[in-house]
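Here is the structure we will look at.
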Amino acid sequence: MSIDTRKVIKNAYRVTRVRGKTALRIRVPGGHIETRFFSLIDEIASKYGDGTAHITTRQGLELPGIDFENIPEINKMIRPLIESLGLAVEVTDTGYPAAGTRNICACIGNRVCTFANDDTTTLAREIERMVYPNNLHFKIAVTGCPNDCIKAYMNDFGIICTVEPVYDQSRCISCGACVENCAKAVTGALAMKDFSVERNREICIGCGECVRKCPTGAMTRSHTKSYRMVIMGRTGRKNPRMAETFLKWADRESILAIVRNAYTFVERHIDRGLDKEHVGYIVDRTGYPTFREEVLQDVRLDEKTLVAEHIDWSGYRYTNDAGLR
Amino acid sequence: MGYQLSREQFDRFLDRLKEDYRVFGPALDEDKGALSDSDRITYKEVSRLGELVLDRKSYFSPKEIFYPLRETLFRFCDGEITVPAIDEKKTAILLRPCDINGIDRLDTIFLENGPSEDFYYKRRRDKVRFFMIECTTGFDSCFCVSMNGGRTDRWDVAFRFGEQILAEVKSEELEPYFAGCAQQPFEPQFVTENSKKVRLPEVADITADVFKHELWSEYTARCIACGRCNTSCITCSCFTMQDAAFGAEGKMGERRRTWAGCHINGFTDMAGGHRFREPKGDRMRFKTMHKINDYYRRFGKHQCVGCGRCEDVCPQYISFARCINTLSDVTRERKSK
């Protein structure tokens, strides 16, 4: 059997532990899929796979137990699935055009969740159309609020939807619901002074909980949305770590431009000698200032946006295992 | 006198009216819902017919127009006391019959309950004219018919909104603003049946032992004391006082009153740290009894007018209508025993 493994991997199939068998990875940007595709997925899994589907860690669907020789037939069948992504590139019968950039993950967002500050599904799909197809290994996730249910902090680019509250003193009845909740469950950014609420913008994380708690509409949402971008979180065999804050109170246009610029940054700095190199390790090499300068090039940040001066990623270095006793 | 106005004529009518009146009506507050990408219908100053939202119920009632959430009663400085002036213009409010009845319940509390009228309430309330929006169907959560709150004749002008707008003018001071409009007699209709029906308990059957009934414990488990039922209610009138001092010597400052609510934490706080009605069920009982029992005993009418806003806004899906029905069942059952 002759298989060009690099080619099939880029086609979103995988080399599995069972010789001769592959598995198809179906992209589900935002983790939200129209159920009309279930019958098609069932047909592929039943006819060519082992009749099962695995829900992947990045919210895709993986169909195992497929013979490599059936790839061309399956690629024809999945055309509607690829078309549903709404990509800028022409869709053909040859299957997924790339696999490096991983499925864009998102929590369920404000279509359902009352905490969410934005429609994460729509934003995830927008990012998908912007960055895919691409062979570079990027992990991007969108989460609706700082609860971060999607674990944006474990991604190269984590986008946390936030909202800046607007306070109307004339509607405030000094009930303290917002202050109490912020102190107990958030960062304690609110304080009651002379029966009015004062917000410490420096430690307000824009979760929007004060708006939800307010019984009079004294705390409301600003008309524009804002985002926190956390960067270079990762798992892996060297130095697993949480992402760190890069931007706060950023606008949507800017975060999208930054993700686009990050692809250019990686193209410029990637070590071609390696099989693949994650963006986080590239930033480790170039240093954060270079990354910042290059991804912010031509980006017109909203004037209220805050940018990290320095980032000191910590995490655990597995070489520290040497100190284990 | 009755009139028929085209939509354009109505806008011109508003233009004339706004020279002497501040005009308020239910309108869209974009992005101002508590949840993201949601709006809210609130009472706002309106200038155009197109701004009015008539197919949704307002989240808050119109009471805030003349009974502000937070109002400075007076300011003091070196022994001098000043009462803040208010806008001299009169106030026209586009509102439904239930809210007119609700305002009657507020009037009773602020103007007729006790030896003197509430100066601050009265000076704003006297400026208010009711522009009644004809309401013949209500909304899903409405139970105005059961509360006798859906019908009133206390309006200055009654409107029927459609492709043409019909207006019946009762108040002479408002006749001139309709000059030039075609005459067309019009008798406003009222809602005769809601899908939601409430069985009121006989007030005489509500005895002190009902206060201890287990029915209230459900609300101890369910209510989160957010207070939205109070702040959205057209008839809740409770307020608290705030004294704020400014300046290094504290000789300058102001006294304010702000809305308070029996479901909200701190409502019963007293000097020495005493508190009453800590369990939320006790708060539900207190509110219920005020709305459909002791207000009636004092004034001969129920306080609740059945606008249903408390049910619309409750994040815990607590239905006041269901609570009344449960109480009704309990009292009837006890009576039959």
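Only heavy atoms go into these numbers, but all of them, side chains included; no hydrogens, no water, no symmetry mates. Proteins come first, then strands; the chains are lettered A, B, ... in the order of their sequence lines, and each starts at number 1.
A/S170 touches chain B through its backbone: at least one of N, CA, C or O sits under 4.5 Å from a heavy atom, while the side chain does not. Contact of A/V211 with chain B is made through backbone and side chain together, with heavy-atom distances under 4.5 Å. Neither the backbone nor the side chain of B/N230 comes within less than 4.5 Å of any heavy atom of chain A. Within the 4.5 angstrom heavy-atom criterion, only backbone atoms of A/C214 (N, CA, C, O) approach chain B. With a threshold of 4.5 angstrom between heavy atoms, B/R257 does not approach chain A through any atom at all. Contacts of B/F267 with chain A are absent, with no heavy-atom separation under 4.5 Å from either backbone or side chain. Contact annotation for B/E71: neither backbone nor side-chain heavy atoms come within less than 4.5 Å of a heavy atom of chain A.
Other residues, nucleotides and ligands contribute more than 12 heavy atoms inside 6.0 Å of the CE atom of B/M241. Other residues, nucleotides and ligands contribute more than 12 heavy atoms inside 6.0 Å of the CZ atom of B/F119. No more than 12 heavy-atom neighbours from other residues, nucleotides or ligands sit within 6.0 angstrom of CD on A/E253. Counting non-hydrogen atoms of other residues, nucleotides and ligands closer than 6.0 Å to CZ of A/R300 gives a total of 12 or fewer. Heavy-atom contacts from other residues, nucleotides or ligands closer than 6.0 Å to CG of B/D140 number 12 or fewer. Counting heavy-atom neighbours within 6.0 Å of B/I224 CD1, excluding the residue itself, gives a total above 12.
Residues of residues 81-93 of chain B never come within less than 4.5 angstrom of chain A, heavy atom to heavy atom. Of residues 35-45 of chain B, those residues with a non-hydrogen atom less than 4.5 Å from any non-hydrogen atom of chain A are, in numerical order, B/L35, B/S36, B/D37, B/R40. Contacts with chain B (heavy atom to heavy atom, under 4.5 Å) involve these residues of residues 183-208 of chain A, listed by number: A/D194, A/F195, A/S196. Near-neighbour residues of residues 117-127 of chain A relative to chain B, defined by a heavy atom under 4.5 Å from a heavy atom of that chain, comprise A/N117, A/D118, A/D119.
Between the side chain of B/T231 and the backbone N or O of A/P215, at least one donor-acceptor pair lies under 3.5 Å. Here the side chain of B/K32 pairs a donor or acceptor atom with the backbone of A/R221 at under 3.5 angstrom. In terms of modelled atom types and a separation under 3.5 Å, the side chain of B/R70 and the main chain of A/Q169 share a donor-acceptor contact.
For the pair A/R171 and B/W259, the minimum side-chain heavy-atom distance is 4.5 Å or more.
Among the candidates A/S222, A/A177, A/G217, the residue making the largest number of heavy-atom pairs closer than 4.5 Å to chain B is A/G217. Top candidate by heavy-atom pairs under 4.5 Å with chain B, chosen from A/C175, A/C113, A/A116, is A/A116.
The two residues A/E180 and B/N265 come nearest to each other via the heavy atoms OE1-ND2, 4.5 Å. Taking each heavy atom of A/I173 and B/Q242 in turn, the nearest pair found is O-NE2, 4.3 Å.
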